[in-house]
Amino acid sequence: MSGRHALAGFQAQAVEAMAGTIRQVMGDMAARPADAGTIARQAGTILLQAPTGSGKTLMLGRALEAVTGSLPEPMVWLWFAPFAGLVAQTRDALADQCPALRLRDLSVDREAATARDGDVFVQTWASVAANNKDARKVRRTREDALSLDAMLETLREEGFRIGVVIDEAHIAFRNATEATRFYLEVLKPDVTLLATATPKDEQLEKFLGVAKLAVPNRVTVSRADAVRAGLNKRGLMLGIVRFGEDVEKLIDIETAALTAGWTQHGRLKERLAERGIGLTPLMLVQVEDEVQGGPDPVERVKAKLIEIGVPEAAIAVHTSGQPDANFHTLAYDPSREVLIFKMAVATGFDAPRAWTLVSVRPNRGRDFGMQVVGRIMRVHGAVRPIHGTDALLDRGYVFLTDGEVQQGLEAAARELDAVQHSIRGITDELDVVDYAVAPPSPPGGVAEPPPPQPPASSEERQLRLNALIERGLVPLAVASMPESVQDRAIVAGEAVGLASETPLFGEALPSHAVPGVEPAARVVVGRRERAYPLRRELGVPERLLAETPPAPETYGSEAFLRLVARGFVEKGDLVRLVARRRQAAHLSLRDLFLGDEERMQLNVRLSNRRIADEAQGAFQFNDSIDPRLLKRAVLAELRGQAEAEGVDFDEADLRRAMDLGALKRPEALTDSVREAVARFRTVEPASPIPDPLVDSDGLPTGRLAAHGVFPSGMNGPEAGFAAFLDEDDSGTILWWLRMVHNTPWAGRIILTNGRSFFPDFAIGVRGRGTRDQVALVEIKDDGVDGRLHSDENSLKAQVQHQKYGKPFWAAKGPGGAFERLEWNPGLRRIQAADRFKVETLILV
C-alpha cells in the first residue's frame, strides 16, 4: 500500500464532474424507468480526455467510489483495459487507491447472487468479446457458474444497473467488430465512461456513430493542469541520429541511438544522486515486431546494449513472445535500468521512473506519440518536491533511429515531423537533438545525358572502343570481334560510364586543330592508304621499352604479400588504429521555444560489421591479388607490430584497424602494392615500332613526327599537343611518336591494379637522362573536371616507368595554352601546376 493519494485540484474537479453526471443519469432513469434505454444512449456516456500520466485510472476509480452507495439503484461495473498487461496494474491501483470498490474476477467469479453495489470486474475485451477459448469459457454457462451473458441478465432482473469503463478508448474499438457487437447486444450499459489521451480518434468516433451514442459529457484535463500538479514533466527533448556521410559508413545508427539514450540515462542517474533522491531512472527501448522466420529484434538490441556497456542483469524484456509474469512490477525494480518492449505492451503501462526512450521501431505514428512517449512524461513521486526546478530532470528524452539504418536524412526529417504532430498536446516544449549534422544536399540535379548511339564510322568505332577498353568497361577481347558485336559493346559500356557520371571521351577532333587534318568522324571505310617509314635519322629507337607485369604466381607469393602488408601497416599507421574503438560526436540540444542550446561530447562505438562491409571493395582493386591472402598477410604483419609495441588487442581489433586503414588511407594500400609490383615487374623491349606505318593517304606532314606525319586517330587535344611539339625550334624535341593504346609496340607501364597504362606520346628529348632520352606524356582533354579525376587516372598519375621515369601530364588551359598537370598527394587530386614548356621534359 502506498497510501491514499490526495487529489490534485483538477483531479478533484474531474471526479466531481463525472460522479455528478452519473448521479444525474441514474436519478433520471429511476424517475423514468421506461425511458432508461434512451437516457443511457443520449446522456449516459462520459468522455474523460486527459494526457497520459495525469491519473486517468485514479480519477475514474474515485468517481466510481464516490457514487457507490449513493445511487437510487445498486450498480455493477465492468472495467475494460486494452491489454492483458494492464489488468493487474489497474486492479492494483484500484485496490490501493479506491478501497470502497470490491474487485472481482470474471474468469472465476460470475455469481449474481453475491453481487453488491460497487463491484468492479477488470478484464480485457479479448477475454469476453473474441473468438478465443477464454472468451468462450466466460460466455458459456456451467453447472457451477453462469455465463457472463446470463449473469448480466440476472443482475438486471435483480434491480442492478450496469456501468462500463473503457480505458484507452481510442484503442478499444479499433478494428474490433466483435467488441462493438458485444457492447451493443450484451452489455447494453446504463452508463459508459470512456477515457482517452487521444480524443480526436476516427475509430472512436466511428464506434460512437455505430452505437448511436451521444457524448454530451466531456471532462477535459489540459496538459498544463498535469504539469502544474507535478504529474507531467515540463518538456520533451526529441533526438534523431544523423552523421556526416563519411562517418555514417562506420557507425551502426541503432547503436548510436542506444548510446545516446544510455549516455543521457547516465546523466539523469548522476543528477538524481546529486539531488539526494534515492531513485534509479529507467530507460525504455522499443523494438519492432519480429518477422516470422527472421532474426529476433529483442536479441539484436540486447546484444548492442551489452556491447555499449549496459550490464546484462540490468536489462529486462517484456514482449508477447517473452512475457514477464511480474511485468507490472518491473518499472519499480531498481536493479533493472533498461526495459525492452514492443508496441503492443507499450500502451498504458505505468513506468513513473522512466525518463529516456529509444525507439528503433521503423514505423511510428499517432500511437507512438500519444502512448509510448507518454510512458516517459510521468513524474515520479520522489521528484515532485523539486518539480519545475531542475531543467535536466524536468524533461523526457526520446531518441529515434534514422529509418533506413535506415532511410536517409529526408525520411528522418519526415519522421521527426510526424512525431511533432502526434505528440502535440502532450508537451509544451519540444527540443531537437542533432549529432554532427550533415550538410544539406544541393538543390536540383544534373540532367541525364542522352543514351549512347552506335558509332557512325570505323574510325569513331576504334576511338570509342579504345577508350572503353582503357577504362575496363569493355573486355580487350572485344577488339578482335565482328563490328556488330563491337557496336553493341560500345553502347552498353558507354551506358555504364554515363551511369557513373564519368565522361567517356573528350571533344571530337576539330577540323582546324592542325591545318589540313579532317575531322575523325569524316573518315570512312574504303579510304586510300599509304605506308609511312619510321624516321630513324631523328633518333627514333627501333623499339620502346615496355614493363611486363609480375608472373601470375608472384601475386600470391609470401614474399610479395609480406612486402605489401608491411608497407600498408606502416604507411596507414594501422597500429594506432588498433585501439580506436569509438567515434567522437557532439550531441547538440536546442530548445525550439526559448532558443537555449547545449552541447555534450558523445563517444559512439564503431561498428566492426559496417566497417568490414564498407572496406570489402577496398581490397579488390587488383584481379591478380586474392583479397583473402592479402588480408591474412596484413593481419599477420599488424599482429606482430602491435605485439612489438605492447598494444592490447583482440582479433576483432586487428580486423577493424585493417579495414579502417583501407577506408581512411586507401593510398597507403595502393602505394604499397605499387611498390611491390615495381619490385617484381620487369622491363623488356616491346615489339618494333611500326616501320612503315600504314595510315590514310594525304596526312599532314610533321616535321618532328616519328613517321613524318600527323597520324589519324588523334582527338583534338592530342592533335594540338602534337602540333605544339612539332613547332619546337629550340632543338629540345628530337622526335615525337603518338603511341596507340594496347599495341604490342607501345611503351607500357603496369598499374597497381594490374592493368596496363599506355601514355599518349613517347618523345625524344635532347639532354634527358633516360634510355634513348625518352619522355612519356599523357594528354587530357579537360584539366578541371571530367574523366581527369577518375580512380583510374589517380592510379596513373602516381606511377612511373622503370626506365623512362614519371610520365608528364598536360591539358589545355582556359586560355588555350597547354598546362602541366601534376598529382597533389595532400589533396589526392590531379591539378594544374604551371604552363607546359618543352624544357620541362628534360627533367627526370
Side-chain angles (χ1 to χ4, degrees), residues 4-51 54-80 90 93-94 97-103 116-122 155-156 159-170 183 187-197 199 204 208 211-226 228-229 231:
R4 187 175 174 88
H5 295 328
L7 295 179
F10 76 87
Q11 292 175 328
Q13 292 174 3
V15 169
E16 181 56 36
M18 289 188 288
T21 299
I22 295 171
R23 294 189 188 99
Q24 178 67 44
V25 169
M26 290 296 97
D28 290 346
M29 287 184 179
R32 294 182 293 165
D35 298 324
T38 301
I39 295 172
R41 288 191 300 273
Q42 297 301 317
T45 301
I46 304 170
L47 176 61
L48 171 62
Q49 173 195 341
S54 60
K56 290 193 298 295
T57 301
L58 177 63
M59 289 184 280
L60 292 168
R62 291 288 176 85
L64 269 56
E65 191 180 49
V67 299
T68 298
S70 65
L71 299 177
E73 297 165 292
M75 198 160 194
V76 170
W77 296 91
L78 280 79
W79 187 307
F80 293 100
T90 301
L94 293 176
Q97 295 298 320
C98 306
L101 301 177
R102 187 175 69 155
L103 302 178
R116 72 183 190 195
D117 186 32
D119 281 357
V120 179
F121 295 87
V122 183
L155 287 171
R156 289 188 180 96
F160 280 87
R161 292 291 181 180
I162 306 298
V164 169
V165 178
I166 304 176
D167 197 6
E168 308 288 0
H170 60 288
Y183 175 90
L187 290 177
K188 296 179 287 189
D190 299 290
V191 174
T192 300
L193 273 65
L194 303 172
T196 180
L204 177 56
L208 295 174
K212 295 182 173 57
L213 293 178
V215 188
N217 311 298
R218 296 176 182 260
V219 178
T220 302
V221 174
S222 72
R223 191 184 125 68
D225 290 333
R228 281 193 294 270
L231 298 177

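Every value quoted in this text rests on a predicted model; they were computed, and no experiment measured them.
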Notebook entry, point to check: Measuring from L58:CG to H5:NE2, what's the distance to the nearest 0.5 Å?
Noted result: 7.0 Å
Next item on the list: With side chain to side chain contact (heavy atoms under 4.5 Å, CB included) as the test, would you mind laying out the steps for V67 and M26 before giving the verdict?
Entry: CA-CA 10 Å; V67 299; M26 290 296 97; over 6 Å; no
Item checked: OG1-CZ distance between T21 and R218, expressed to the nearest 0.5 angstrom -> 13.0 Å
Note to self: Minimum heavy-atom separation for A14 and M59, please, with both atom names.
What the structure shows: CB-SD, 3.6 Å
Next item on the list: Mind checking salt bridge (charged side-chain N to carboxylate O under 4.0 Å, His left out) for R116 and listing every partner two or more places apart, or none if nothing turns up?
Entry: none
Notebook entry, point to check: Under the salt bridge (charged side-chain N to carboxylate O under 4.0 Å, His left out) test, which residues partner R41, sequence neighbours left out?
Noted result: none
Next item on the list: Kindly write out the residues that satisfy salt bridge (charged side-chain N to carboxylate O under 4.0 Å, His left out) with D28, not counting sequence neighbours, or none if the list is empty.
Entry: none
Notebook entry, point to check: Which heavy atom in P99 sits nearest to a heavy atom in R4, and how many Å separate them?
Noted result: CD-NH1, 3.4 Å
Check: side-chain contact (heavy atoms from CB on, under 4.5 Å) with W77: which of V120, V122, I162?
Finding: V120
Next item on the list: Not counting sequence neighbours, which residues clear salt bridge (charged side-chain N to carboxylate O under 4.0 Å, His left out) with D119? List them please.
Entry: R102, R104
Next item on the list: Please say which of L193, V164, I166, L64 ends up in a side-chain contact (heavy atoms from CB on, under 4.5 Å) with W79.
Entry: L64
Margin query: Walk me through whether I39 and R32 qualify under side chain to side chain contact (heavy atoms under 4.5 Å, CB included).
Written below: CA-CA 9 Å; I39 295 172; R32 294 182 293 165; 3.9 Å; yes
Next item on the list: Provide the closest heavy-atom pair for A66 versus A19 in the form atom of the first, atom of the second, distance.
Entry: CB-CB, 4.0 Å
Notebook entry, point to check: side-chain hydrogen bond (donor to acceptor under 3.5 Å, both in side chains): which pairs involve residues 54-63, sequence neighbours left out?
Noted result: R62-Q97
Note to self: With a 4.5 Å cut-off on side-chain heavy atoms, are M29 and P72 touching?
What the structure shows: no
Margin query: With rounding to the nearest 0.5 angstrom, report the CD to OG distance, E65 to S70.
Written below: 11.0 Å
Next item on the list: Over all heavy atoms of both residues, which pair between A17 and V219 is shortest? Give the atoms and the distance, please.
Entry: CB-CG2, 4.1 Å
Next item on the list: Provide the closest heavy-atom pair for G69 versus D117 in the form atom of the first, atom of the second, distance.
Entry: N-OD2, 2.6 Å
Next item on the list: List for me each residue that meets side chain to side chain donor-acceptor pair (under 3.5 Å) alongside T38, sequence neighbours excluded, and say none if there are none.
Entry: none
Check: If you take all heavy atoms of P216 and A43, which pair is closest and at what distance?
Finding: CG-CA, 4.1 Å
Next item on the list: Dump the intermediate steps for side chain to side chain contact (heavy atoms under 4.5 Å, CB included) on R23 and L71, then the final yes or no.
Entry: CA-CA 6 Å; R23 294 189 188 99; L71 299 177; 4.0 Å; yes
Check: Is there side-chain contact between M18 and L48, with heavy atoms separated by less than 4.5 Å?
Finding: yes
Item checked: D167 (side chain) donor-acceptor with F80 (main chain) under 3.5 angstrom -> no
Item checked: Under 3.5 Å donor-acceptor, N217 side chain and T45 backbone -> yes
Item checked: Nearest-0.5 Å distance, CD of residue E73 to CG of residue D190 -> 8.0 Å
